[in-house]
2 protein chains.
Amino acid sequence: MDERQALMSFAALSQETRLGVVRTLVVAGPEGMAAGAIAEAMGVSASNISFHLKELERAGLIAQRRESRSIVYSADYDALSGLVKFLMEDCCAGHPRVLGVSAEGKACCSADAASERQHV
Amino acid sequence: MDERQALMSFAALSQETRLGVVRTLVVAGPEGMAAGAIAEAMGVSASNISFHLKELERAGLIAQRRESRSIVYSADYDALSGLVKFLMEDCCAGHPRVLGVSAEGKACCSADAASERQHV
DNA sequence: TCCATATTTCAATAATCCTTGAAACATTGA
DNA sequence: TCAATGTTTCAAGGATTATTGAAATATGGA
């Protein structure tokens with residue numbers, strides 16, 4: 001992921017409704033959810049969810065497909081993992097203090113490379 | 001990290017100058033850099049960098065301390081790792097495809113392998 | 001004290017983003 | 001074809017964010 005895309009992704013995730021949409025779609029899985037169902041889940045109007053979905057798609061974080069009358073959105077897992085990677089490596093320079101925390105509190109992300117760069 | 005702080009952090013990182021500041025300060029390490037040096041590195045005016053530094057501090061991503069005439073800023077590594085953790089766990093529901101964990105339970109963050117992996 | 005340095009604050013403007021409701025578009029079934 | 005459903009587009013407005021230069025604040029040294 002290049003910087004431009006990361007900037008757009010961060011902007012996309014900095015809005016409450018859109019962050020909720022990403023969360024919801026990640027949980028929903030590859031089948032995704034129709035725009036109307038997402039709007040209902042988020043408690044916003046049709047035109048409003050459409051605006052935010054377009055923004056998320058522009059950032060590349062979600063994808064859409066038509067399915068009969070509905071337009072079904074799903075999370076783009078590669079983009080999300082690319083963003084996590086960007087945040088860890090590009091933005092945070094692979095700094096051990098940043099990388100040293102994985103989901104389980106165990107080291108991840110080639111800990112040897114990280115410890116070479118240690119300071120503090 | 002709670003959602004409110006994550007939203008502020010994403011907003012803070014969605015601006016080119018501010019993303020550059022975070023990168024620069026992470027590389028600079030705990031000693032940090034004076035506001036003037038950051039402004040010079042980013043190529044922006046004093047008042048402009050002050051605006052962006054305040055924004056980053058409000059989001060909790062950087063900290064400041066006075067050192068003689070200078071005000072020295074440094075990255076908040078805990079906040080950054082907290083944001084990475086939020087993105088992986090809370091936002092992305094610990095989804096294996098986002099975390100880059102293979103079916104065999106192999107280690108994470110080998111991002112090339114992750115992005116090559118196919119979707120269902 | 002006075003001056004220079006380092007930075008922030010302020011006010012004004014420009015730019016961008018968010019929300020709303022109405023209208024338009026696409027699809028399906030009668 | 002007509003009507004119903006699901007969604008997007010559009011225009012207008014309000015709200016937030018970014019940029020600029022000038023003025024204010026804080027510090028250290030002569």
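Numbered from 1 within each chain, the chains take letters A, B, ... in sequence-line order.
The neighbour count for B:E40 CD, taken as heavy atoms of other residues, nucleotides or ligands under 6.0 Å away, does not exceed 12.
Ranking D:dT8, C:dT7, C:dT27 by closeness to the B:A35 side chain, first place goes to C:dT7. Of the listed nucleotides (D:dA22, D:dA18, C:dC18), D:dA18 has the atom at the smallest distance from the side chain of B:F51. In the set C:dT5, D:dT8, C:dT9, D:dT8 carries the atom at the smallest distance from any side-chain atom of A:S50. Of the candidates C:dT19, C:dT28, C:dA6, C:dT19 carries the atom nearest the A:Q15 side chain, counting heavy atoms from C-beta on. Listed nucleotides C:dT8, D:dT8, C:dG29 differ in distance to A:R69; the shortest reach to its side chain belongs to C:dG29. Listed nucleotides C:dT8, D:dT7, C:dT27 differ in distance to B:A46; the shortest reach to its side chain belongs to C:dT8. Distance from the side chain of B:H52 is smallest for D:dA18 among the nucleotides D:dT8, D:dA18, C:dT8.
The residue among B:K54 and A:R58 whose nearest nucleotide of DNA chain C lies closer to the 5′ end is B:K54.
For B:E55 and B:R58, the salt-bridge test passes: some basic side-chain N is under 4.0 Å from an acidic carboxylate O. With respect to A:R65 and A:E67, a salt bridge is recorded, a charged nitrogen being found less than 4.0 Å from a carboxylate O.
Distances shorter than 4.0 Å separate some side-chain N or O of A:S68 from OP1 or OP2 on C:dT28.
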